Amino acid sequence: MANKELIVVQDVCYTYPNGVEALRGVNLVINKGDFCAIVGQNGSGKTTLAKHFNGLLKPTQGNVWVEGYNTTQCRVSEMSRLVGYVFQNPDDMLFCSTVEEEIAFGLRMLRFTKEEINHRVENVLELLKLQGLRTQHPFALSLGDRQRVAVACVLSLAPEIFVFDEPTTGQDHLGALSIMSVIQELHTKGCTIVIITHDMRLVAEYASRVIVMNRGQSIIDAPPAVAFKNYNFLEELSLRPPQVTQLATLLGHDEHAILNTKDFCNWLSSRIKPNVQNQTSEA
Amino acid sequence: MKDERSTTQNTIDQPSRRWDVKGRILGIPISLVVIWAALFVTASAIPALPVPGMGGVITINAIMTAISGVVLGPAAAVANMAGGIISMLLFPFGAFLGPLSFLTVTVGGLVSGLLLANRWKLAGVVELLVVATWFVNPDSWQTLMWIVPLPYTAVTLLVIFFPPLRHWARKQILSLDRVRIWPAMFLYVTVAHSAEFLTTNAMVNWMYDLSWQYWVPTWLYWVSVDTVIIVISTIIGVGVLTGLHRARLPHATEIYR
Amino acid sequence: MATSAFIPANTFLHRLDARSKLIALLTILAIAMILDHPVYILGLLGIVLFSWLAARLPLNFLGNIFKYFSGIALLIFCIQLFFYPGEIYLLHLSRPIPLIGFSGYISLEGVLYGLALILRLIVILTIAPLLVMTTPLSELMLALVKFKIPYRFAFILTTAMSLLPSIQNRAELIQQAQLCRGVADFEQGNLILRLRASASLLIPLILGAFRDSQTLEVAISSRAFGAPVQRTYLLETHLRPVDYSLIMASGLLLLFSLWIRWG
Ligand SMILES: Nc1ncnc2c1ncn2[C@@H]1O[C@H](COP(=O)(O)OP(=O)(O)O)[C@@H](O)[C@H]1O
Ligand SMILES: [Mg+2]
């Protein structure tokens, strides 16, 4: 099933109780297997949109369907088995006295059997390489490890779709890489990924699709290679595509945007070679 | 404050940094007192437990009061008082004791906080004052009224005035022993909560003259409510204290060990 | 969540100085506790309710308070009705039941005292809203400072209030994060579930706030906390003749009620 629609967002508007109109008519479909990046300025409504994907927020207008269920009719704790939402700050989630207990807590609240809980905890510990930390106190871990534990808690519910809200913000390069490799692994295992980020290099490297939010609307929804083509426009939204992409465009590349150095080199060499030949022939 | 030092020092890793802010209240940085007050107000707005027959709810700040002394020491009294006053200013409706509600949470934090600071004589004086305000009221001498403060006030008096228990509980709290912190936390939480509810009961009786015909039949109900609050506060108290310790965040046990 | 209960308007009560209102509130509270005859407390309640109307405060708030506390009011009344050891019998109900302390009669004193207690309850419940809804928070704080509550305590009150929005946001985020890992909704479910959910809220909330304390310390030091200087306030207020009269009236009323009760 290649193009199974998992999340359908239809004409969604959302106004916070204090009157801020955070979403103004968003339409989009997230398909099975997507690796979808949501980008946009601060306050453009990314988080608000993402919180609609598992019913944390219910649209004030329009509808959101997740695997055929309308989110207004479901409880979040039930939705958590379909859509896993990982908050930016792991400290908003962690509170138990060991990593193991932490992962098991949600399962216990959802009344899984003991064997099932043990089984899942083991699986998740292995997948996130947390076996060595199982009896550690979550608060004694580094930020990166705490982030992984928070992912583990969500992962233990075995959702098909994952939403990550700025998972790399505030982390150093290595921390960001380790989180991204976890996300990449989930994706190769068949999960659908939605990630909110400010890091265009991550978008270029991992995402199959980028959604640009501006003032509560999604203004671009395309693969990164297409979306980054018009980078002048993106710059107005203070979104800077990776430097290779900018460089290629400056040098006159006008097809799909170039996303990494390898493509750039290929393109450059293909452009330079004829010139080099011309020059030699003239001489 | 001094005698416990040698026994517990070895088992505890040193806090990673020192506090160097001048503004302190009863030994605790003023920033923590401020934060606790704000947390207290936030917690007052979260209903936890409907109370049949009393037309009210017990909010999560019953839990906050119960654990405040262990987290902040005697400064908990100041923090709870500030929190109580702000709650009254922001949500003036439904305070059964009117503008005086903040007194009860102040007393709760004070007694357990003083105990943590090893100022047990002062803690004893405050607790005895609370017991006195209850028993000075003639209503409290009616049939069977002596069971009302029981059993938790008895436990509290025992923790304060029976030296072995007092030393043991304090030592376990300060050393954060993995297992023994549980009963010790139970005792500290009981001290705080019983001081709070006895103050509340005493004030209710002074204001509204509820006689034994109310207190005695509802005794079992109230004991169960208090038990639930004490148990959950114990769980949360242990979680908060070990968390603060593991995350190397400033709190009272760092000062008093 | 509300950040202030103040209801702006330009009435007599709104214009009074916060200090004189605070004194009046404490006086009324004291009088409500001192007096125990329903007629006097009714008079007191009359003052409170008249002020409520004069300040144009919403009447449905009063209605809500009454509805919310009607159960306890009835309870308080019934206890006095049946068990007050009065001497002027109004109504014979049954034979005496010594087991529950019931004399078999309903006495006049019981009825009166029960009424007094209900009225006292209403005064105590309505007096704080009356003050808070007619006075901006900043003025209340200033009044407390002017009453010479320790400066540090006033500092704690104001700083804590300014932290509230961020802590409440945090609490909301944490609740959402817990929902996402399967914790059942916080305001549903049975007692045990709800209390377990409260653990998953309170622990991260407290720890997160303590983590932020470092930032707050910096902010506090930069406000030169503890510096021994004469503080000046943007909001300077002066007691006007009406305020003095209110304070005088409060004092006289207090003396009068002391005289009624014990004189
Ligand atoms: N809990 C909230 N209450 C009120 N307004 C909010 C809340 N959360 C966000 N907003 C407002 O909604 C808008 C969109 O916010 P958000 O979705 O968080 O943006 P982003 O994640 O893109 O930075 C902003 O203007 C923000 O101020
Ligand atoms: Mg965001």
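Naming convention: chains lettered A, B, ... in sequence-line order (proteins, then strands); numbering from 1 in each chain. All values derive from a computational prediction rather than experimental measurement.
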| field | Ion pair check, D36(C) and R120(C), cut-off under 4.0 Å | value |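 The answer is no: the pair does not qualify as a salt bridge.
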
[X] versus chain B, the contacting section by heavy-atom distance below 4.5 Å:
X: F6(C); value: neither
X: I127(C); value: side chain
X: A171(C); value: side chain
X: F82(C); value: neither
X: F210(C); value: both
X: L131(C); value: neither
X: I206(C); value: both

Is it the side chain or the backbone of [X] that comes within 4.5 Å of chain C heavy atoms, both, or neither?
X: I85(B); value: side chain
X: L39(B); value: both
X: V71(B); value: side chain
X: L100(B); value: side chain

| said: Under a 4.5 Å cutoff for heavy-atom pairs, which residue among I25(B), V231(B), V216(B) has the most contacts with chain C? | reply: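 With the most close heavy-atom pairs to chain C, the winner is I25(B).
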
| message | I'd like to know if the side chain of S140(B) reaches the main chain of W134(B), judged simply by a donor and an acceptor atom lying under 3.5 Å from each other, with no hydrogens or angles considered. | response |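 Side chain of S140(B) to backbone of W134(B): a pair is present.
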
| request: Give a yes or no answer on whether the side chain of K21(C) reaches the backbone of V132(C) with a donor-acceptor pair at less than 3.5 Å. | output: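 No, because the side chain of K21(C) does not come within donor-acceptor range (under 3.5 Å) of the backbone of V132(C).
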
| request: Just do the side-chain contact (heavy atoms from CB on, under 4.5 Å) check on D139(B) and W206(B) with the steps written out, would you? | output: CA-CA 9 Å; D139(B) 288 350; W206(B) 276 111; over 6 Å; no

| task | Rounded to the nearest 0.5 Å, what's the gap from CG on L140(C) to CG on L22(C)? Could you check? | result |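 One gets 7.0 Å once the value is rounded to the nearest 0.5 Å.
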
| field | Distance in Å, S107(C) OG paired with L81(C) CG, rounded so as to fall on 0.5 Å steps | value |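 Here the interatomic distance stands at 8.0 Å.
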
| task | Give a yes-or-no answer on whether the side chains of N80(B) and S68(B) include a donor-acceptor pair shorter than 3.5 Å. | result |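 Yes.
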
| task | Could you have a look at M141(C), M161(C), R170(C) and say which one has the most heavy-atom pairs with chain B under 4.5 angstrom? | result |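 Option with the top pair count is M161(C).
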
